[in-house]
Amino acid sequence: MNHVKATKLFGNLELNRRIVDGLVEMGFEEPTPIQQLAVPQVLAGHDVIGQAQTGTGKTAAFSIPLIEKLDFRNRDVQALIITPTRELAIQVAEEIGKIGRFCRIRVIPIYGGQSIDRQIRSLRQGVQVVVGTPGRLLDHLRRHTLKVDRVKMVVLDEADEMLDMGFVEDIEEILRHIPSERQTLLFSATMPEEILRLSRQYMTNPKYVTVSKTNLTVPQIEQVYYEVPEKYKLEALCRLLDVTEISQGIVFCRTKRGVDELVAGLQTRGYTAAALHGDLSQQQRNNVMRKFRSGDAELLVATDVAARGLDIEGVSHVINYDIPQDPEFYVHRIGRTGRAGRSGVAITIINPREYRQLRLIENITKTRIKREQLPSAADVVERQKEGIKERLLNLIQEGKLSYYRSIVDSLIDEYDAMDIAAAALKLSLDLEPERDEMELYNTADFGNTGARPGMVRLFFTLGRKDGTSVTEIIKLVADESGIPSNKIGSINIYENFSFVEVPQDWANCVMSCLHRQQFKGRRLFVEPARARK
Ligand SMILES: Nc1ncnc2c1ncn2[C@@H]1O[C@H](COP(=O)(O)OP(=O)(O)OP(=O)(O)O)[C@@H](O)[C@H]1O
Ligand SMILES: [Mg+2]
């Protein structure tokens, strides 16, 4: 890292040397435009409304001067940052911790769903910066466990959402607790006119700092849409997933229930996806985020709880499975990709009736969303062929083929080279697990088959013919899904198929666990329910 250069560039902002060290450690070489514009204004003591596109470094734009203005020796809470979601509170607190690392500042996130006693203990030990969600902050203010009489600076991250209907009363109440000679900062990628007007109520002579761009979205994000009848949306999504190279993707749904249903639907089709929404426990939310941030999970299916602020490097695609109701949310959702100068793709799936909503989004964001044709089944096959070719070419490049070459050599005089190669491919692909060979059927979807109330029967196309035994099935289901073996109800093995009964609420879990398992050398595949012939 070029420390001299970074020091010089950030040095123009006249920052504490230890802050610059923190920025250099994070890999920041020069300030982004919003940082260049906003930092001096905040340092000069102004109230600031900062607007810049998603992923352009607004967090550091307010965090750098915020840290600069802290009295490091004083252990009172001196700055308060309010964010709309818990995940964002955690992320912002971490970023502030990193920037202020060499200043040894004390920062904590405070959010609902976490033990309040533990938060109270942390607060008692003295923290200088608190990053929190409105509900929990209010809770602490009302209990007098959070003292804000020394707060000099308040930041509303995602300000337009914080001042929108859902949050504004909480925000007003929080602000009433804070000394009025404070500095107030509002940041967001979007600032609708009416919110901008309203915001002045809470500020004194605010400076409006904007990285002026005509369109609200980042140019590095390719924006496309597909129009399909409502009932084919899932099929459309699966096809897109099949032909698209996605390193990590976030799929947005309108409702929590929609998220759960889509995750179940994807799982029964053999895709793994993690859900994130407000009905999960905080521990579940944290686990999902950890898996997704580390790259262990490829697909995150979420409500708008993940729409704003989250910064995850690997996200190459954002998919609007349901079109956002509000054009601003479109901007924020797709902004989870294409961050910090990287490129990304945003896909929106609409039904014909949602076309007008799409046009509205285009008008407000001043961008064009390109219509694309859904890949056909033939495209999916074509894509598979491409994949096979790619793997072949890699093997050829790698060499180490002498053993196989000797076999070909012994055949080549007598047989056609094309036939040998084709047969070899067929052989190698046949050894791979084939999707449609094993199927699980979820009987819940096609009427009562005689399962006891509250139970679901899962059918396997594995039967006595394959030498399957009762113990094998119990062991497989219990071991792999974590379901206690005494919860597995009746097990029946017939000539060509078997089934187990499991409690309704375990069914999806069992199915998703089973489909990942090798069983008798083959992968079990969970198909969407269809009547058995
Ligand atoms: N000066 C810089 N140099 C290099 N990278 C930076 C710089 N400033 C910020 N970044 C990185 O850019 C990414 C996006 O920053 P950040 O999350 O602050 O964006 P944002 O503007 O708040 O976006 P959103 O509107 O989505 O909340 C982060 O990974 C951050 O570490
Ligand atoms: Mg942000």
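Atom set for the values below is all heavy atoms of this structure, side chains included, hydrogens, waters and symmetry mates excluded. All ligand and atom numbering here is 1-based and tracks the order in the structure.
Below 4.0 Å from some heavy atom of E158 lie the following atoms of ligand 1, by number and element: 27 (O). Near T32, with a cut-off below 4.0 Å to any heavy atom, the atoms of ligand 1 are 1 (N), 2 (C), 7 (C), 8 (N). Close approach of ligand 1 to Q53 (heavy-atom distance below 4.0 Å) involves ligand atoms 21 (O).
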Quiz item: Checking side-chain contact (heavy atoms from CB on, under 4.5 Å) for the pair F167/E172: CA distance, chi angles, key distance, verdict?
Solution: CA-CA 9 Å; F167 283 120; E172 285 181 346; over 6 Å; no
Self-check item: N286 and Q282: CA distance, side-chain angles, deciding distance, side-chain hydrogen bond (donor to acceptor under 3.5 Å, both in side chains) verdict
Solution: CA-CA 6 Å; N286 290 352; Q282 192 51 43; 2.8 Å; yes
Exercise. Decide side-chain hydrogen bond (donor to acceptor under 3.5 Å, both in side chains) for H332 and D304; before the verdict, give the C-alpha distance in whole Å, the side-chain angles of both, and the deciding distance to 0.1 Å.
Key: CA-CA 9 Å; H332 293 279; D304 278 322; over 6 Å; no
Quiz item: side-chain contact (heavy atoms from CB on, under 4.5 Å) between Q114 and R86: does it pass, once the steps are laid out?
Solution: CA-CA 10 Å; Q114 202 193 30; R86 301 166 180 185; over 6 Å; no
Practice problem: Quick one: do Y208 and D47 satisfy side-chain hydrogen bond (donor to acceptor under 3.5 Å, both in side chains)? Show the steps, please. | Solution: CA-CA 9 Å; Y208 184 47; D47 279 5; over 6 Å; no
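For a threshold of 3.5 Å applied to N or O pairs, the pair formed by A60 and ligand 1 contains no separation below that value. Among the atoms of G55, some N or O lies under 3.5 angstrom from an N or O of ligand 1. Remark: ligand 1 and R336 share an N or O pair separated by less than 3.5 Å (distance only, no angle test). Considering backbone and side-chain N/O atoms, Q91 never comes within less than 3.5 Å of an N/O atom of ligand 1. Considering backbone and side-chain N/O atoms, T56 comes within less than 3.5 Å of an N/O atom of ligand 1. Considering backbone and side-chain atoms alike, R339 places an N or O below 3.5 Å from some N or O of ligand 1. Ligand 1 has no N or O atom lying under 3.5 Å from any N or O atom of T54, backbone or side chain.
Annotation: the span from I334 atom CD1 to T337 atom OG1 amounts to 9.0 Å, rounded to 0.5 Å.
Here the heavy atom of the protein found nearest to atom 21 (O) of ligand 1 is K58 NZ, 2.8 Å. Closest protein heavy atom to atom 18 (O) of ligand 1: T59 OG1, 2.6 Å. Residue, atom and distance of the protein heavy atom nearest to atom 10 (N) of ligand 1 are F28 CZ, 3.4 Å. Scanning all protein heavy atoms for the shortest distance to atom 1 (N) of ligand 1 gives E30 O, 2.8 Å. Of the protein's non-hydrogen atoms, the one nearest atom 12 (O) of ligand 1 is A340 CB, 3.4 Å. The closest protein non-hydrogen atom to atom 8 (N) of ligand 1 is Q35 NE2, 2.8 Å.
When each of R339, R336, R342 is paired with E313, the salt bridge (Lys or Arg N to Asp or Glu O under 4.0 Å) condition holds for R342 and for no other.
The proximity of D311 to ligand 1, defined as any non-hydrogen pair under 4.0 Å, is limited to the side chain.
Side chains of K98 and E25 form no contact here, defined as non-hydrogen atoms less than 4.5 Å apart. In this structure, the side chains of V77 and V129 stay at 4.5 Å or more apart for every pair of heavy atoms.
Around atom CD of Q201, more than 12 heavy atoms belonging to other residues, nucleotides or ligands sit under 6.0 Å away.
Within the 4.0 Å heavy-atom shell around ligand 1 one does not find M26. Look at H332 and you'll find every heavy atom at least 4.0 Å from all atoms of ligand 1.
A salt bridge is defined here as a Lys NZ or Arg NE, NH1 or NH2 lying under 4.0 Å from an Asp or Glu carboxylate O, and R333 with D322 fails to meet this definition. A salt bridge is defined here as a Lys NZ or Arg NE, NH1 or NH2 lying under 4.0 Å from an Asp or Glu carboxylate O, and E235 with R239 meets this definition.
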